[in-house]
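What follows is one structure encoded as structure tokens, with my remarks underneath.
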Amino acid sequence: MTTSSASKVRVRFAPSPTGSLHIGGLRTALFNYFFARSRGGTFVLRIEDTDQTRFVRDAERNILSGLAWVGIRPDEGSREGGEFGPYRQSQRQALYALYAQQLIDEGHAYYAFDTLDEIDVMRERHASEGDPSPQYDAVTRGEMTNSLVLPGEEVQRRLERGDEYVIRLKADPGGRITFRDHIRGRVSFSTSGIDDQVLIKSDGMPTYHLANVIDDHDMRITHVIRGEEWLSSVPKHILLYRAFGWEPPEMAHMPLIMNPGGKGKLSKRHAAAQGLPVTVEQCRQAGYEPEAVVNFLALLGWHPGEDRELFTLDEMTELFSLDRVSGGGVQFDVRKLNWFNQQYVRGFSVDELLERAEFWLRGLHSASTVDLFKDEARQRRIASLMQPRIAFAKDLAETGGYFFEDPAAYDETAVGKRWKEDSAELLSVYADRLEAASAFDAEQAEAILRALAEERGAGAGRIIHPVRLAVSGVPGGPSLFEMMEVLGKDVCARRIRKAVEVLG
RNA sequence: GCCGCGUUCGUCUAGGGGUCCAGGACGCCGGCCUUUCACGCCGGUAACACGGGUUCAAAUCCCGUACGCGGUACCA
């Protein structure tokens with residue numbers, strides 16, 4: 001029944017609009033996207049907004065902008081439309097109702113009128129009798145209030161009267177459901193463990209399971225690639241596919257991203273406690289480059305088949321294959337993410353780096369005491385001086401803040417180590433000579449300094465280190481003389497004098 | 001509890017019967033370079049969960065145990 005030859009690959013990313021796009025969700029989207037593109041297929045975005053209690057207004061926009069940030073856009077979806085729309089489940093309610101009715105008519109589903117409390121009572125009773133996992137299923141439904149036990153007229157009466165009801169799947173035990181998962185191989189469940197899953201909730205909305213099966217079929221989805229948390233609901237879905245007489249799509253359940261330390265699924269709470277970015281928004285605010293986030297996420301559970309680790313979106317798309325995805329949960333290691341970011345920052349052209357840093361540089365502008373922003377050549381100079389020593393574009397403004405503002409303080413340990421008895425005097429003379437010099441550039445600054453050192457019979461380091469401190473406030477950084485050239489004679493002299501005054 | 005999935009250096013992983021006294025990357029440590037800090041380069045540390053099989057041979061196949069994770073909702 002697999003008419004494989006002609007069927008074009010279609011996958012979907014189906015998030016629930018309940019908050020910001022989580023990086024786990026982004027990774028799922030990415031894998032779907034890679035798979036679709038690598039097979040010349042279509043990537044669909046479907047919004048699963050069937051839980052009205054958890055709905056968050058801006059979530060859909062947040063999801064779209066998160067995807068856009070990393071450079072992927074759906075081929076079909078809630079925004080871009082497509083021939084299988086609408087792509088929001090809340091707008092497809094009529095369709096689900098129709099199919100649910102079909103299941104009832106054909107004996108695969110039934111009405112249930114029990115209240116939540118009544119179900120709880122049933123569960124407690126069975127639990128106290130030793131049933132390890134009492135559920136609403138083939139063994140308990142006989143004692144509940146539903147269209148399987150009520151006479152037909154009574155069911156009619158209740159429906160007409162407007163009683164609350166849900167529609168449940170009639171899941172019968174005694175079988176075994178086996179399916180092939182692209183990542184895990186053969187997976188098998190006994191039907192005895194499957195409950196009579198609610199398909200239509202009392203508010204008329206479908207549950208995930210019903211909507212998902214109907215939509216995947218209706219939207220001609222060929223491959224379902226999603227997180228492992230869905231693996232155990234596959235049997236329910238297969239029961240539904242069978243009831244409808246449909247061929248299930250192929251499955252691939254990805255390993256979950258775990259908290260550092262491996263304790264549970266990566267959660268916002270846990271991550272926040274450690275200051276880890278866990279939503280796309282947070283990554284962005286923390287200054288991560290989208291390329292780094294994508295690259296990092298892609299390699300969490302997937303191996304490209306070669307030792308290289310830096311890939312563009314297109315390269316990953318080309319290399320992607322589901323059977324190179326492993327099955328075990330993976331921990332979120334922010335240090336590796338940082339390394340990826342550093343790799344990208346270092347690989348940017350100077351102009352690109354400046355562009356990525358623009359947002360943070362602008363933040364400095366107002367407080368700036370050195371007007372370097374007008375001079376693009378200088379900006380480029382600073383960027384190339386700083387590029388090999390930063391991991392984030394924003395460090396141009398932060399770590400490299402001394403290029404734009406006089407140091408407000410001097411690194412204490414460095415002062416203790418480098419600021420000697422004679423520093424003040426040496427630096428004063430150096431400042432004098434700098435100001436008196438006819439020309440000022442890196443070479444000049446260095447020549448003057450070395451001449452002074454020789455004259456005093458001191459090592460150049462005796463002056464270099466205190467000057468660096470005076471000029472930047474910190475012990476590390478680019479070549480001192482290049483830095484001085486960029487800053488200019490006046491700024492250097494001013495900063496040196498200031499340090500002499502402050503540090504004595 | 002029950003059901004399912006998983007388990008190679010601290011982390012991400014390669015490997016799928018002999019080429020593995022296990023390879024790469026992050027991290028960490030050391031060295032070179034540099035009168036700073038980085039980059040870069042060189043080197044080092046560190047793993048097949050455990051127990052039984054199968055086999056001439058097992059990290060690789062089978063079984064069991066342990067541990068971890070997921071599911072067990074009118075949430076997705």
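First the proteins, then the strands, lettered A, B, ... as listed; each starts at 1. These figures come from a predicted structure and were not determined experimentally.
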statement: From the candidates B:G4, B:C75, B:A25, the one with an atom nearest any side-chain atom of A:K201 is B:C75
[N] OP1/OP2 closer than 4.0 Å to side-chain N/O of [X]:
X	N	result
A:T50	B:A76	yes
A:R324	B:G15	yes
A:K263	B:C67	no
A:K236	B:U72	no
A:R389	B:U36	no
A:R184	B:G6	no
A:K336	B:G10	no

Which residues share a side-chain contact (heavy atoms from CB on, under 4.5 Å) with A:N259, sequence neighbours left out: A:L266, A:S267, A:H270
- request: Assert yes or no for the condition that the ring centre distance of A:Y344 to A:Y288 is strictly below 6.0 Å.
  value: no
message: Taking the six-membered ring of A:F31 as reference, does the cationic atom of A:R27 (NZ for Lys, CZ for Arg) lie under 6.0 Å from its centre and within 45° of its axis?
response: yes
Polar side chain donor-acceptor pair, A:Y208 to A:D51, under 3.5 angstrom: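 Note: A:Y208 and A:D51 side chains miss the donor-acceptor criterion.
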- request: Whole angstrom is fine here: how far is it from CD1 in A:I183 over to P in B:U7?
  value: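 Distance, rounded to whole Å: 12 Å.
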message: In whole Å, I'd like the distance from the CG atom of A:D395 to the P atom of B:A38.
response: 14 Å
